[in-house]
Amino acid sequence: MFLSIFSAVIDCSTSYQTTHPKRCSFRLTNNGQRDYSVLKWRTPLDGLRSDCLAVTRNGKKIQYDGIYMKRSIPGPDQFLLLAPGQTVSSTFDVSEGYDMTKTGNYSIAVDTYLEYALGSVEGMNVIGNLGIQTNIAYLSSPVEVFYITSNSHSKITSGQKARSLEN
(Lines give C-alpha, C1' and ligand atoms only; values in the text may rest on other atoms or scores of the structure.)
Protein backbone atom coordinates (compact mmCIF):
# COMPACT_ATOMS: atom_id res chain seq x y z
CA MET A 1 0.00 0.00 0.00
CA PHE A 2 1.30 3.46 -0.94
CA LEU A 3 1.52 5.95 1.94
CA SER A 4 1.48 9.61 1.00
CA ILE A 5 4.10 11.94 2.50
CA PHE A 6 1.28 14.02 4.00
CA SER A 7 -2.11 13.12 5.43
CA ALA A 8 -4.98 15.39 6.41
CA VAL A 9 -7.95 15.03 8.76
CA ILE A 10 -10.91 17.31 9.47
CA ASP A 11 -12.92 17.02 12.68
CA CYS A 12 -16.27 18.79 13.19
CA SER A 13 -19.10 18.58 15.70
CA THR A 14 -21.96 16.31 14.73
CA SER A 15 -24.45 19.21 14.56
CA TYR A 16 -24.60 23.01 14.43
CA GLN A 17 -27.32 25.66 14.36
CA THR A 18 -27.62 27.98 11.36
CA THR A 19 -26.84 31.04 13.50
CA HIS A 20 -23.67 29.66 15.08
CA PRO A 21 -20.17 29.38 13.61
CA LYS A 22 -19.35 25.97 12.15
CA ARG A 23 -15.86 25.50 13.61
CA CYS A 24 -13.88 22.47 12.57
CA SER A 25 -10.29 21.45 13.17
CA PHE A 26 -7.75 20.55 10.51
CA ARG A 27 -4.70 18.37 11.09
CA LEU A 28 -1.81 17.87 8.67
CA THR A 29 0.76 15.14 9.38
CA ASN A 30 4.20 14.54 7.86
CA ASN A 31 4.26 10.78 7.22
CA GLY A 32 7.69 10.98 5.57
CA GLN A 33 11.14 10.21 6.88
CA ARG A 34 12.51 13.76 6.36
CA ASP A 35 11.73 17.33 7.38
CA TYR A 36 9.46 19.23 4.98
CA SER A 37 8.39 22.86 4.84
CA VAL A 38 4.73 23.12 3.81
CA LEU A 39 3.12 26.23 2.37
CA LYS A 40 0.06 27.22 4.44
CA TRP A 41 -1.68 28.75 1.40
CA ARG A 42 -4.60 26.80 -0.11
CA THR A 43 -5.05 24.83 3.14
CA PRO A 44 -7.08 25.42 6.30
CA LEU A 45 -3.75 26.27 7.99
CA ASP A 46 -4.25 29.69 6.37
CA GLY A 47 -7.94 29.95 7.31
CA LEU A 48 -10.49 29.79 4.52
CA ARG A 49 -8.77 32.12 2.07
CA SER A 50 -9.14 29.70 -0.83
CA ASP A 51 -11.33 26.92 -2.15
CA CYS A 52 -9.50 24.04 -0.45
CA LEU A 53 -12.46 21.91 0.65
CA ALA A 54 -15.14 19.73 -0.91
CA VAL A 55 -18.41 20.65 0.84
CA THR A 56 -21.87 19.23 0.13
CA ARG A 57 -25.38 19.74 1.50
CA ASN A 58 -27.75 16.80 1.09
CA GLY A 59 -25.35 15.36 -1.50
CA LYS A 60 -25.08 18.52 -3.66
CA LYS A 61 -21.80 20.40 -3.97
CA ILE A 62 -21.67 23.85 -2.36
CA GLN A 63 -19.57 26.41 -4.23
CA TYR A 64 -16.86 28.30 -2.38
CA ASP A 65 -18.02 31.85 -1.55
CA GLY A 66 -15.20 33.21 0.56
CA ILE A 67 -12.12 35.34 0.15
CA TYR A 68 -9.74 34.79 -2.76
CA MET A 69 -6.33 36.15 -1.88
CA LYS A 70 -4.16 37.74 -4.54
CA ARG A 71 -0.64 36.69 -3.66
CA SER A 72 2.87 37.16 -4.86
CA ILE A 73 5.76 34.76 -4.30
CA PRO A 74 5.60 33.23 -0.81
CA GLY A 75 8.27 34.04 1.72
CA PRO A 76 9.70 31.67 4.33
CA ASP A 77 7.19 32.96 6.91
CA GLN A 78 4.38 31.39 4.87
CA PHE A 79 5.80 27.88 5.40
CA LEU A 80 5.64 25.55 8.41
CA LEU A 81 8.45 23.10 9.08
CA LEU A 82 7.22 19.59 9.87
CA ALA A 83 9.56 16.95 11.25
CA PRO A 84 8.90 13.27 10.45
CA GLY A 85 5.71 12.19 12.25
CA GLN A 86 4.85 15.75 13.30
CA THR A 87 1.27 17.04 13.07
CA VAL A 88 0.20 20.69 12.86
CA SER A 89 -3.37 21.84 13.34
CA SER A 90 -5.69 24.80 12.98
CA THR A 91 -9.32 25.65 13.64
CA PHE A 92 -11.51 27.31 11.02
CA ASP A 93 -15.14 28.28 10.49
CA VAL A 94 -16.53 26.47 7.42
CA SER A 95 -19.38 28.99 7.14
CA GLU A 96 -16.85 31.77 6.35
CA GLY A 97 -16.42 30.28 2.87
CA TYR A 98 -19.39 28.03 2.23
CA ASP A 99 -23.11 28.80 2.46
CA MET A 100 -24.44 27.00 5.52
CA THR A 101 -27.64 28.99 5.97
CA LYS A 102 -29.89 26.02 5.19
CA THR A 103 -30.68 23.00 7.33
CA GLY A 104 -29.53 19.61 6.13
CA ASN A 105 -26.85 16.96 6.10
CA TYR A 106 -23.41 18.34 5.25
CA SER A 107 -20.15 16.66 4.35
CA ILE A 108 -16.70 18.20 4.25
CA ALA A 109 -13.28 16.96 3.15
CA VAL A 110 -9.94 18.48 2.20
CA ASP A 111 -9.58 18.76 -1.59
CA THR A 112 -6.54 20.81 -2.56
CA TYR A 113 -2.90 20.81 -3.62
CA LEU A 114 -0.15 21.23 -1.05
CA GLU A 115 3.08 22.98 -1.98
CA TYR A 116 6.11 21.81 -0.01
CA ALA A 117 9.91 21.83 0.03
CA LEU A 118 12.45 19.40 1.37
CA GLY A 119 13.96 20.62 4.64
CA SER A 120 13.75 24.10 6.10
CA VAL A 121 13.18 27.27 4.06
CA GLU A 122 14.31 29.44 6.98
CA GLY A 123 16.68 32.15 5.76
CA MET A 124 15.60 31.84 2.12
CA ASN A 125 14.56 35.11 0.49
CA VAL A 126 12.86 33.86 -2.66
CA ILE A 127 10.71 30.83 -3.38
CA GLY A 128 10.42 29.39 -6.87
CA ASN A 129 12.79 29.50 -9.84
CA LEU A 130 15.29 31.82 -8.17
CA GLY A 131 15.29 30.15 -4.76
CA ILE A 132 14.44 26.74 -3.38
CA GLN A 133 12.66 24.04 -5.32
CA THR A 134 9.11 23.24 -4.25
CA ASN A 135 6.95 20.25 -5.06
CA ILE A 136 3.18 19.89 -5.23
CA ALA A 137 1.13 16.98 -3.88
CA TYR A 138 -2.61 16.40 -3.99
CA LEU A 139 -4.04 16.55 -0.46
CA SER A 140 -7.35 15.01 0.56
CA SER A 141 -8.93 13.78 3.78
CA PRO A 142 -11.62 11.36 4.89
CA VAL A 143 -15.12 12.86 4.70
CA GLU A 144 -16.55 14.38 7.88
CA VAL A 145 -20.35 14.58 8.21
CA PHE A 146 -22.55 16.90 10.30
CA TYR A 147 -26.11 18.24 10.43
CA ILE A 148 -27.27 21.87 10.59
CA THR A 149 -30.52 22.67 12.39
CA SER A 150 -32.57 25.80 11.82
CA ASN A 151 -32.61 29.06 13.78
CA SER A 152 -34.30 32.35 12.98
CA HIS A 153 -31.10 33.96 11.62
CA SER A 154 -28.22 32.56 9.60
CA LYS A 155 -24.49 33.30 9.47
CA ILE A 156 -23.51 34.53 5.99
CA THR A 157 -20.28 33.86 4.06
CA SER A 158 -17.49 36.39 3.48
CA GLY A 159 -18.61 36.70 -0.14
CA GLN A 160 -22.21 37.46 0.87
CA LYS A 161 -20.94 40.15 3.29
CA ALA A 162 -18.80 41.80 0.59
CA ARG A 163 -21.66 41.82 -1.94
CA SER A 164 -24.03 43.38 0.62
CA LEU A 165 -21.54 46.23 1.17
CA GLU A 166 -21.48 46.96 -2.59
CA ASN A 167 -25.24 47.65 -2.65
Side-chain angles (χ1 to χ4, degrees), residues 4-31 36-75 77-80 82 87-117 127-128 134-167:
S4 177
I5 296 173
F6 302 102
S7 60
V9 174
I10 291 181
D11 289 313
C12 303
S13 294
T14 56
S15 67
Y16 300 92
Q17 294 182 342
T18 55
T19 57
H20 297 148
K22 286 69 171 178
R23 289 193 181 92
C24 296
S25 66
F26 167 75
R27 293 189 316 272
L28 176 68
T29 301
N30 175 356
N31 300 314
Y36 291 99
S37 292
V38 297
L39 183 63
K40 296 181 279 186
W41 297 355
R42 295 179 299 280
T43 75
L45 293 171
D46 193 36
L48 282 186
R49 294 186 177 97
S50 66
D51 185 9
C52 59
L53 304 172
V55 180
T56 68
R57 178 180 47 252
N58 299 327
K60 295 185 180 184
K61 182 173 173 54
I62 299 174
Q63 296 299 315
Y64 177 72
D65 191 28
I67 297 170
Y68 280 100
M69 299 291 292
K70 184 173 181 173
R71 303 183 191 249
S72 60
I73 297 172
D77 61 327
Q78 298 302 312
F79 285 80
L80 292 173
L82 273 75
T87 298
V88 292
S89 63
S90 67
T91 301
F92 63 97
D93 181 352
V94 186
S95 61
E96 296 236 334
Y98 298 88
D99 182 2
M100 304 209 153
T101 58
K102 296 177 181 72
T103 62
N105 292 308
Y106 286 76
S107 71
I108 180 174
V110 173
D111 183 24
T112 191
Y113 288 91
L114 181 69
E115 190 169 349
Y116 66 97
I127 307 300
T134 58
N135 300 296
I136 296 178
Y138 177 68
L139 185 66
S140 63
S141 71
V143 173
E144 181 75 355
V145 178
F146 56 89
Y147 185 78
I148 295 182
T149 61
S150 184
N151 273 31
S152 58
H153 299 288
S154 299
K155 184 178 184 314
I156 62 174
T157 67
S158 300
Q160 290 167 326
K161 285 179 200 172
R163 285 189 295 280
S164 71
L165 294 174
E166 291 174 355
N167 296 331

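For the atom pair Tyr116 OH and Ile5 CD1, the distance stands at 4.0 Å (nearest 0.5 Å). Considering CZ of Phe26 and CG of Leu48, their distance stands at 11.0 Å, rounded to 0.5 Å. Here NE2 of His20 is found 15.5 Å from CE of Met100. Values are rounded to the nearest 0.5 Å.
Annotation: side-chain contact (heavy atoms from CB on, under 4.5 Å) contacts of Ser140 (sequence neighbours excluded): Tyr138. With sequence neighbours left out, the side chain to side chain donor-acceptor pair (under 3.5 Å) criterion links Tyr106 to Arg57. Residues satisfying the side-chain contact (heavy atoms from CB on, under 4.5 Å) criterion with Ser50, sequence neighbours excluded, are Arg42, Cys52. Residues satisfying the side-chain contact (heavy atoms from CB on, under 4.5 Å) criterion with Thr87, sequence neighbours excluded, are Arg27, Thr29.
Listed for the Asp11 side chain is no donor-acceptor partner under 3.5 Å among the backbone atoms of Ser25. Under the 3.5 Å distance criterion, the side-chain polar atoms of Lys22 are left unmatched by any main-chain donor or acceptor of Ser15.
Considering only heavy atoms from C-beta on, Lys102 stays 4.5 Å or farther from Asn58 through its side chain. In this structure, Ile108 and Tyr98 have side chains that are not in contact, with every pair of non-hydrogen atoms separated by 4.5 Å or more. Thr18 is not listed as a side-chain neighbour of Thr101, based on a closest heavy-atom distance of 4.5 Å or more.
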For this session: Check step by step if side-chain contact (heavy atoms from CB on, under 4.5 Å) holds for Asp99 and Asp65.
Result: CA-CA 7 Å; Asp99 182 2; Asp65 191 28; 5.9 Å; no

Exercise. Step by step, would you call Leu28 with Leu114 a side-chain contact (heavy atoms from CB on, under 4.5 Å)?
Worked result: CA-CA 10 Å; Leu28 176 68; Leu114 181 69; 4.3 Å; yes

For this session: Check step by step if side-chain contact (heavy atoms from CB on, under 4.5 Å) holds for Leu53 and Phe92.
Result: CA-CA 12 Å; Leu53 304 172; Phe92 63 97; 3.8 Å; yes

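Summarising the geometry of Leu39 relative to Pro74, their closest heavy-atom pair is CD1-CB, 3.6 Å, with the distance given to 0.1 Å. Minimum interatomic distance between Tyr36 and Asn30 (heavy atoms only, all atoms of both residues): CD1-ND2, 3.5 Å. Nearest heavy atom pair, residue Cys24 against residue Ile10, reads CB-CG2, 4.1 Å. Heavy-atom minimum distance, Val143 versus Ser107: CG1-CB, 3.6 Å. Between Pro44 and Ser90, the closest heavy-atom pair is O-OG, 2.9 Å. Of all non-hydrogen atoms in Val110 and Ser141, the two that sit nearest each other are N-OG, 2.8 Å.
Taking the six-membered ring for Trp and the full ring otherwise, Tyr16 and Phe146 have centroids separated by under 6.0 Å.
A side-chain N or O of Gln78 and one of Trp41 form a donor-acceptor pair less than 3.5 Å apart.
Pairs passing the salt bridge (Lys or Arg N to Asp or Glu O under 4.0 Å) check and including a residue from residues 137-150, sequence neighbours excluded, do not occur. Legend: side chain to side chain donor-acceptor pair (under 3.5 Å) pairs involving residues 66-75, not counting sequence neighbours, sorted by first then second residue: Asp46-Arg71.
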